[in-house]
Asks: 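Right, I'll just put the structure down here and ask away after.
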2 protein chains.
Amino acid sequence: MAGLKQVQRQTGVALWRQIADRIREAIGNGAYDETGMVPPETVLALQFGVNRHTVRSALAALAQEGIVRAVQGRGTLIERKERLSFPITRRTRFTAGIGDQAREMRSLLLDEVTEEASVEVARWLGLKPGAQVIRLETLREADRRPVSKATSWFPAERFAGIGEAYGKHQSITKAFAELGLADYVRATTEVTAAHADTADLADLELTPGAILLIAKAMNTDLDGVPVQYSISRFAADRVQFTIEN
Amino acid sequence: MAGLKQVQRQTGVALWRQIADRIREAIGNGAYDETGMVPPETVLALQFGVNRHTVRSALAALAQEGIVRAVQGRGTLIERKERLSFPITRRTRFTAGIGDQAREMRSLLLDEVTEEASVEVARWLGLKPGAQVIRLETLREADRRPVSKATSWFPAERFAGIGEAYGKHQSITKAFAELGLADYVRATTEVTAAHADTADLADLELTPGAILLIAKAMNTDLDGVPVQYSISRFAADRVQFTIEN
DNA sequence: TGCAATTGTCTATATCAATAGACATTTCGA
DNA sequence: TCGAAATGTCTATTGATATAGACAATTGCA
């Protein structure tokens, strides 16, 4: 791992961005924990085989994100470094899952819509396409940093008023409880990764080219009846999923 | 979903690459299944709000990857479209997991090294740092398309000769069996996503900017003793993970 | 056949990305 | 206090990226 960190040219991805991505990831992996600083620009330029100005562009981007802060004469200090671990189990819950990894958890209800189920949503919820479903758009934060954006669908008939309940409790679990569903379990999770689109970039405070970890999840009640289908989009450099079998 | 597909400028990621990524993903999601073709260049240019030449650069990149093929006078045909589903369960096995989703599975042993365990590897395998471990680098293909590249570590003492056994059987399960381990289970999986580095780009036949789904997994024998720690890197546009709870 | 739709090719121009070198400014320790 | 080490700023040059417009070549259909 001590080897040369390589970047590629003429690929449509600017060198400074490739380098920024590598450094951001290295910080997340604790590579520079000993000093609390990124190596000097001249050293990085040598490691990546590029000009010092190119490294400076990368560091400027990271500074813009609030990840590092350059101090003239000293070096480039690491400001923030976080990778939350998000467990996926039969009892997956967002807030409880993050648990003590963050001091403050927040959940914002961005939008609530009642609509007809698409083919995909109907299949996951065990409904007929066109059946009424409630869609919630939510944004979840840990210590004031956006962590994930989620789109959730619920059968409209059974969970009327879930948007209001969610807004009040900022928790799916508590919203379910208020509507008479005491417990539920995670039945299936599909994980993919993709580039973030413009809307997600803005809400998650990411820069273009950023990666999303995408979890498509279906929850059921204790009788196995689907109660929620959701597509959650996580900032890949801030979280990892853990699956304990 | 019918809305404007937006791309961003001055982000270090060329517009043509952002557009190529979007189209590749749309193809993977079956967006153009009805026609089997990508919309005309002029239409895409309008949708993305860019010049037709920029769209052409994106399509040229996808053609280079073998995903589409442009035919003058007709349009741009979709050549290949695949997203394998890879289940993660207590009994996760690569070959069996992909199962009937591909006609032909192959597994190549790229390298075998006996080395001292790093802190991370030692922790996962329950060894002392510096203990002897065998590291295997493997490349797995489905229907001649590279799917994932994996680095695996095994306790050297218990599994001496596993490289040879793997090379013979092209299967971890069968290699374990030959060495006297009849059964094993997946204990823990951590999933993250990141940009591919140069070596992985080449082996997985990806283009820079491509995303990897990364699974760090630990397998144990039936007594709960760690037998394997692996870091598998999957081409994110070719696979998804499914977790059934 | 002829035309509409579509991809292919060429020229020109402006902006972004990357390199190169020089020198200023700040910090910290010998 | 001086100097080494580090970041900050400036100029200049080259190649990649993106736009713009015009027209050629191919396909398929009326």
Side-chain angles (χ1 to χ4, degrees), chain A residues 5-23 27 32 34-64 66-79 207-209, chain B residues 5-23 27 32 34-64 66-79 195 198 207-209:
Chain A
K5 297 162 193 179
Q6 290 181 3
V7 286
Q8 291 194 352
R9 289 148 201 269
Q10 299 176 22
T11 61
V13 183
L15 291 179
W16 65 264
R17 173 143 294 286
Q18 296 183 50
I19 292 168
D21 291 338
R22 293 289 165 82
I23 295 175
I27 290 173
Y32 308 129
E34 291 182 15
T35 58
M37 295 172 66
V38 169
E41 295 169 352
T42 49
V43 174
L44 288 172
L46 210 65
Q47 283 183 353
F48 286 108
V50 301
N51 191 277
R52 176 174 158 240
H53 294 292
T54 308
V55 169
R56 282 180 61 74
S57 298
L59 292 175
L62 294 177
Q64 183 66 30
I67 292 177
V68 301
R69 177 169 54 91
V71 178
Q72 192 170 6
R74 291 181 61 194
T76 304
L77 285 62
I78 295 170
E79 288 280 275
T207 49
Chain B
K5 296 163 192 178
Q6 290 180 3
V7 286
Q8 292 193 354
R9 290 150 200 270
Q10 299 177 20
T11 61
V13 183
L15 291 178
W16 64 263
R17 174 142 293 289
Q18 297 184 49
I19 292 167
D21 291 338
R22 293 289 165 81
I23 296 175
I27 291 173
Y32 307 129
E34 292 183 14
T35 58
M37 295 171 68
V38 169
E41 294 169 353
T42 49
V43 174
L44 289 171
L46 209 66
Q47 284 181 354
F48 286 109
V50 301
N51 192 278
R52 176 174 157 238
H53 294 294
T54 308
V55 169
R56 281 180 61 76
S57 297
L59 291 175
L62 295 178
Q64 182 65 30
I67 291 177
V68 300
R69 178 169 54 91
V71 178
Q72 193 170 5
R74 290 182 61 194
T76 304
L77 284 62
I78 294 170
E79 286 282 274
H195 292 100
T198 317
T207 50

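Labels below follow one simple rule: chain letters A, B, ... track the order of the sequence lines, proteins then strands, and each chain is numbered from 1. Computed from a predicted model, the values in this text were never measured in an experiment.
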Asks: From the set C:dT19, C:dT7, D:dG8, return the single nucleotide nearest to any side-chain atom of B:E41.
Replies: C:dT7
Asks: In whole Å, what is the span from the CE atom of B:M37 to the P atom of C:dA5?
Replies: 14 Å
Asks: Main chain of B:V55, side chain of B:E41: is a donor-acceptor contact present, judged purely on distance under 3.5 Å?
Replies: no
Asks: Measure across B:L59 and B:V68 and return the closest heavy-atom pair with its distance rounded to 0.1 Å.
Replies: O-CG2, 3.9 Å
Asks: Rounded to whole angstroms, how far apart are CZ on A:F48 and C1' on C:dA18?
Replies: 16 Å
Asks: May I ask you to evaluate whether B:T54 reaches the phosphate of D:dT17, defined as a side-chain N or O under 4.0 Å from OP1 or OP2?
Replies: no
Asks: Kindly give the heavy-atom pair with the smallest separation between A:M37 and A:Y32, and that separation in Å.
Replies: O-CB, 3.3 Å
Asks: In terms of side-chain heavy atoms of B:R56, which of C:dT6, D:dT17, C:dT9 is nearest?
Replies: C:dT9
Asks: Looking only at heavy atoms, what is the nearest atom pair of B:A61 and B:W16, with distance?
Replies: CB-CZ3, 3.8 Å
Asks: Looking only at the side chain of B:A70 (C-beta and beyond, no hydrogens), which of the listed nucleotides D:dA18, C:dA18, C:dG8 gets closest?
Replies: C:dG8
Asks: Which whole-number value in Å describes the distance from A:I19 CD1 to C:dT19 C1'?
Replies: 12 Å
Asks: Rounded off to whole Å, could you give me the CZ-to-C1' distance for the B:R69 and C:dT6 pair?
Replies: 15 Å
Asks: Going by heavy atoms in the side chains, are A:Q47 and A:L44 under 4.5 Å from each other?
Replies: yes
Asks: Whole angstrom is fine here: how far is it from CD in A:Q18 over to C1' in D:dA16?
Replies: 14 Å
Asks: Report yes if some heavy atom in the side chain of B:L62 is under 4.5 Å from a heavy atom in the side chain of B:V38; otherwise report no.
Replies: no
Asks: So, does B:S57 get its side chain near the phosphate of D:dA18, meaning an N or O under 4.0 Å from OP1 or OP2?
Replies: no
Asks: Taking the side chain as every heavy atom from C-beta outward, state whether B:I23 and B:I67 have any pair of such atoms under 4.5 Å apart.
Replies: no
Asks: Check the distance between C:dA5's P and B:L44's CG and give it to me in whole angstrom.
Replies: 17 Å
Asks: Take atom CG of B:L15 and atom P of C:dT15, then tell me their distance rounded to the nearest Å.
Replies: 15 Å
Asks: Report, as a single string ordered 5' to 3', how protein heavy atoms within less than 4.0 Å touch nucleotides 22-30 of chain C: B base, S sugar-phosphate only, - not at all.
Replies: --BBBBS--
Asks: Quickly work out the A:W16 CH2 to D:dA16 C1' distance and round it to whole Å.
Replies: 15 Å
Asks: B:G75 or A:N51: which one's nearest nucleotide on DNA chain C is closer to the 5' end?
Replies: B:G75
